[in-house]
Number of protein chains: 2
Amino acid sequence: MLAAERRDHLLGLLAREGKVVAKNVAADLGISEDSVRRDLRDLAAEGLCHRVYGGALPVSPAVADYATRTSVTPDGKRKVATRAAALVRPGSALILDGGTTALAVARTLPPELACTVITHSPTIAAAMIEHPLADVFLLGGRIFKHSAVACGAAAVEAAQNVSADICLLGVTGVHPEAGLTTGDAEEAAMKRALAARAADTYILASSEKIGTASRFRVLPWEDISGLITDADPGHPVAEQLMARGVEILAAD
Amino acid sequence: MLAAERRDHLLGLLAREGKVVAKNVAADLGISEDSVRRDLRDLAAEGLCHRVYGGALPVSPAVADYATRTSVTPDGKRKVATRAAALVRPGSALILDGGTTALAVARTLPPELACTVITHSPTIAAAMIEHPLADVFLLGGRIFKHSAVACGAAAVEAAQNVSADICLLGVTGVHPEAGLTTGDAEEAAMKRALAARAADTYILASSEKIGTASRFRVLPWEDISGLITDADPGHPVAEQLMARGVEILAAD
DNA sequence: CCTGTTCTTGCACGTTTCTGCGTGTATCGT
DNA sequence: ACGATACACGCAGAAACGTGCAAGAACAGG
């Protein structure tokens, strides 16, 4: 057991489980607690962990484990993300929109899933680094600060060169009459460009979006394959949508 | 047992098992530990492995995930980033490479600086969201997991459509004879494409990079305007570089 | 074929670094 | 307040390290 190996092991434990208990690690690796403590002391000196009585914690909880990160996303978005992630088949190609719900989808995808993810969101591209088998293609362009995604002519043009099996799109408004809407015209255009490149388009909409409308129309109902939401299927708007032939994928 | 054979064996072991223990290899091959140590020392000098007490590790261990690597900025990189940020004039256009040092530059740029930042790194694009007046243009392409940047044909093509005043490039090796090097051929090509689109190119190299070399050449000395480093100006390699006409920008 | 040179290799030596144990101290839970 | 546990420090043995040196192999030139 190399010293550097031990260090890596400790950092791995910190990232995976969010904590390290000196006693347990010593027992697991068959080394003395002193060595573990020494390593933790060194790591803490380099700012790579935070030393506490009994072991150590990650320096910033943000980089910690998967479970705590997903827990901070609101319950509704997590449900929607879980349902959406179930639509992604191994080996398929997925166009993923920007926004917090789409980010939750990226984090919810199985870590060992082999698929192609196409996105115009640098945040989502960065999150997909955690998925070693996923092929990530980033659509470039001018970054719109408001939503942290690439938009504009260059981004739309880049989107013309890809195609995918499904497209998961976030919107800010879902309304029976107004349709699917968002707050920015450029973003709306970009979302249309993305949806046009996939065989099936699904809308990610946690319950608070249902029944509201924003200024710019993204797509008409005919162009989408389904709506993924955690809203009650008995919700009046949901029933209206079903009457219009929109498939509702319930996320519970 | 040929010397070259031993080297290959060691590199194979590193790739296959993620580590090399000098003692074990010596016993397996029936040679002295001294020879193994000598080989490892040579490989480390070429940047092909990372020497540790007891053996060696691959130069970029998969165990150290990107999140933990980015969470801390060593002192040297912060100094280099500060010096580099000072080169960026208001209203100018900057091409920013990927990597932890470049990320430190992005974070060091004045929050209210109005400039254009062009990058192929989603991480850096995401970090630039914090700069409300900066215009960010993201170069798309296939994401290389190892360094979390867009590379490949699409990214190089996207780079052809931009130009900038200065380009800040990170490398893994700075060596008087070997020049500026990095560990991946695609990355090297991408860095060349970026450098070609800027009037001036500066290299970001914290002191631990000085005097080391990796496998793939990025640029010859003639193509760069300067080297930004926190290494001692009296460092023998620094003096050699100055003798070759390379401008050294000291970061203290 | 012989000879001188260069390079490699293994060994010996002194030095540095690591690791586990003992001791005494600090901190925690009750 | 008290026992239990975790901790830091010092120490000694062990392991790994770098360096100098000499024997041997590979090679080029005469």
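In what follows, chains are A, B, ... by sequence order, proteins preceding strands, each numbered from 1. Remember, it's a predicted structure, so these values are computed and weren't measured experimentally.
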Exercise. Find which nucleotide of DNA chain C each of B:Tyr53 and B:Arg38 is nearest to by heavy atoms, and output the residue with the more 5' nucleotide.
Key: B:Arg38
Self-check item: SB check B:Arg89 B:Asp165 (cutoff 4.0 Å)
Solution: no
Quiz prompt | B:Asn24 CG - D:dA16 C1' separation (whole Å) | solution = 13 Å
Quiz item: Could A:Glu33 and A:Lys23 be called an ion pair, given the rule that one side-chain N must be under 4.0 Å from one carboxylate O?
Solution: no
Exercise. In whole angstrom, give the distance that lies between atom CZ of B:Arg51 and atom P of D:dA16.
Key: 11 Å
Practice problem: Find the distance B:Lys23:NZ to D:dC17:C1' and express it as a whole number of Å. | Solution: 14 Å
Quiz item: Starting at the 5' end of DNA chain C and moving along, which residue's nearest nucleotide shows up first, B:Gly30 or A:Asp34?
Solution: B:Gly30
Exercise. Decide, yes or no, whether a salt bridge links B:Arg142 with A:Asp135 under the criterion of side-chain N to carboxylate O below 4.0 Å.
Key: yes
Self-check item: Interatomic distance where CG belongs to A:Leu40 and C1' belongs to C:dT19 [whole Å]
Solution: 16 Å
Quiz item: Please give, in whole Å, the distance from C:dT19 P to A:Arg37 CZ?
Solution: 14 Å
Quiz item: Base, sugar-phosphate, or nothing for A:Val21, non-hydrogen atoms under 4.0 angstrom?
Solution: nothing
Quiz item: Contact class for B:Val52 (heavy atom, under 4.0 Å): base, sugar-phosphate, or nothing?
Solution: sugar-phosphate
Quiz item: Do any side-chain nitrogens or oxygens of B:Ser35 fall under 4.0 Å of OP1 or OP2 in C:dT8?
Solution: no
Quiz item: Only one of B:Leu169, B:Ile224, B:Leu227, B:Leu249 forms a side-chain contact (heavy atoms from CB on, under 4.5 Å) with B:Tyr202, so which one is it?
Solution: B:Leu249
Self-check item: Under-4.0 Å side-chain N/O to phosphate OP1/OP2 contact, A:Arg41 with D:dC7
Solution: no
Quiz item: For A:Arg6 and C:dC18, what is the distance between atoms CZ and P respectively, to the nearest whole Å?
Solution: 9 Å
